[in-house]
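Read through the structure below, which is laid out as structure tokens, and then see the notes.
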Number of protein chains: 2
Amino acid sequence: MARPRQFDEAAVKSALRDVFWEHGYEGASYANIMTATGLNKGSLYASFGDKRALYQHAISDYALSHLAPGVAMLRDKSLTPQDRINNLMTTLVQAARTQQGRWGCLLCNAAIDQSPFDADVEKSVAEALSTLRKAIKLCVKDTTAEDKAELIWTAYFGGHVMVKAGFSKAVMRTHRAQVLSLFA
Amino acid sequence: MARPRQFDEAAVKSALRDVFWEHGYEGASYANIMTATGLNKGSLYASFGDKRALYQHAISDYALSHLAPGVAMLRDKSLTPQDRINNLMTTLVQAARTQQGRWGCLLCNAAIDQSPFDADVEKSVAEALSTLRKAIKLCVKDTTAEDKAELIWTAYFGGHVMVKAGFSKAVMRTHRAQVLSLFA
DNA sequence: ACGTTAATTGAACGTGTGGTCAAGAAGTGC
DNA sequence: GCACTTCTTGACCACACGTTCAATTAACGT
């Protein structure tokens, strides 16, 4: 070992995640990426690989930093299933019409602008989406919404589309209420 | 009036719609656009304006060619409300794992990759999405799903996300069944 | 038939893109 | 202190991008 890295790998990865999250794959230029990470191209290539590889890192980081906590919450037995789904849908209400909220969900964004064109992205995204699907399924098990897991699943991501489209918190509140009414 | 246009405007617009639908705004290059329309840059600029204008034309054409028929179907009183929603969700089943199906829904794609960056796109997309929302609302009026219009709305677009992500027809059939179970 | 007017062409432009590389900087181990 | 190894820097590359425009082509009105 000789000269050690001068950057915090975790910090760089989360910066990568944020740039791609905000701008999308094609929308994020190396100018953006360099500013966000504080590294220049050479270091990025040496440490992580090409742009597609950076994007993959962004997706994995998102899975750890944002998806995993959500999944854990959905499995939190100290909350009722209804409360857990309420929490999930509340994130949409909170996201509506806010700056970062309109970044949407990186998985959803990646599914739409890269899944059909990049097999690796397609695989990572499909796995992550499946993880959430299973978590919801487990959450609603033995409730009145037991047979509506996939519906809640798509409603959540459809909600993200609406947030991106710019719909209001009021709309997302209505949406949340309707999802929760499945437990009635 | 002197030399008339040598192309069919409607055909060019639907070609435009298809290119952007398949590749997204940034993913569609002028090379793609020229091949698809059969026109070269000069004519495109003279007839329609810059790339953003082309994209707007694509969105309007989609609204006419794809959204409007869907909305009409949702208002078709010769079908039961349940059958109409069934038709809507069946389009997702049919789209799954097919080439064009994975283009997804242009409105959904536009919402995700352009709405936050282009106010004109944001407006057109939001209007189109609102139109579908209203159509669904009207459709389910006086049924047991009366208070679940927004849920069906987001479930539909969330379904498109899943189709883009590459999920199977079987998954989309399950999803459809769950949506239809709202009428039980 | 001819002049006018508009549509079409394709080459050219500047810019920004993702990607590369040789030189320099900065630690490590002896 | 010195040699070695790794990381970092920033200039550089070829190319593709969206856009423009002068020249050419072709239909219309008279």
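Proteins get letters first, then strands, A, B, ... in listed order; numbering begins at 1 in each.
Salt bridge absent: B:Lys164 and A:Glu122 never bring a charged side-chain N and a carboxylate O closer than 4.0 Å. A salt bridge links B:Arg52 with B:Asp118: the closest approach of a Lys/Arg side-chain nitrogen to an acidic carboxylate oxygen falls below 4.0 angstrom. Salt bridge present: B:Lys137 and B:Glu150 bring a charged side-chain N and a carboxylate O closer than 4.0 Å.
Hydrophobic cluster membership for A:Phe117: none, as no Ile, Leu, Val, Met, Phe, Trp or Tyr side chain comes under 4.5 Å of it.
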Exercise. Take A:Arg176 and A:Thr90 through the side-chain hydrogen bond (donor to acceptor under 3.5 Å, both in side chains) test and state the conclusion after the steps.
Key: CA-CA 7 Å; A:Arg176 177 181 59 187; A:Thr90 298; 3.0 Å; yes

Quiz prompt | Worked verdict on B:Phe183 versus B:Asp83 for side chain to side chain contact (heavy atoms under 4.5 Å, CB included) | solution = CA-CA 10 Å; B:Phe183 289 91; B:Asp83 281 342; over 6 Å; no

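For A:Met34 and D:dT8, the CE to C1' distance is 11 Å, given to the nearest whole Å. If you take CG of A:Leu44 and P of D:dC7, they are 14 Å apart, rounded to a whole angstrom. Between A:Phe48 atom CZ and D:dT8 atom C1' the separation is 14 Å, expressed in whole Å. The CG atom of A:Asn32 sits 13 Å away from the C1' atom of C:dG18 (whole-angstrom rounding). Going from atom CZ of A:Arg52 over to atom C1' of C:dG18 covers 12 Å, rounded to whole Å. For A:His23 and C:dT17, the NE2 to C1' distance is 15 Å, given to the nearest whole Å. Distance CG (A:Leu39) to P (D:dC7): 12 Å, rounded to an integer number of Å. Following rounding to the nearest Å, B:Arg5 (CZ) and D:dA26 (C1') show an atom-to-atom distance of 16 Å.
Considering only residues two or more places apart in sequence or on other chains, A:Gln56 meets the side chain to side chain donor-acceptor pair (under 3.5 Å) condition with A:Ser124. In terms of the side chain to side chain donor-acceptor pair (under 3.5 Å) criterion, residue partners of A:Arg17 (sequence neighbours excluded) are, by chain and number, A:Asp61, A:Ser65. For A:Tyr156, the side chain to side chain donor-acceptor pair (under 3.5 Å) partners two or more places apart in sequence, or in a different chain, are A:His160.
Distances shown here put every side-chain N or O of B:Asn40 at or beyond 4.0 Å from the OP1 or OP2 atom of C:dT8. For A:Tyr30, no side-chain nitrogen or oxygen approaches OP1 or OP2 of C:dG16 to under 4.0 Å. Taking 4.0 angstrom as the limit, A:Ser29 places none of its side-chain polar atoms (N or O) nearer than this to OP1 or OP2 of C:dG16.
Near DNA chain C, meaning a heavy atom under 4.0 Å from it, residues 6-22 of chain B has B:Gln6, B:Phe7 in order of number.
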Table of protein N/O atoms under 3.5 Å from nucleotides 20-22 of chain D N/O atoms:
none

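Distance from the side chain of B:Arg3 is smallest for C:dA6 among the nucleotides D:dT19, C:dG27, C:dA6.
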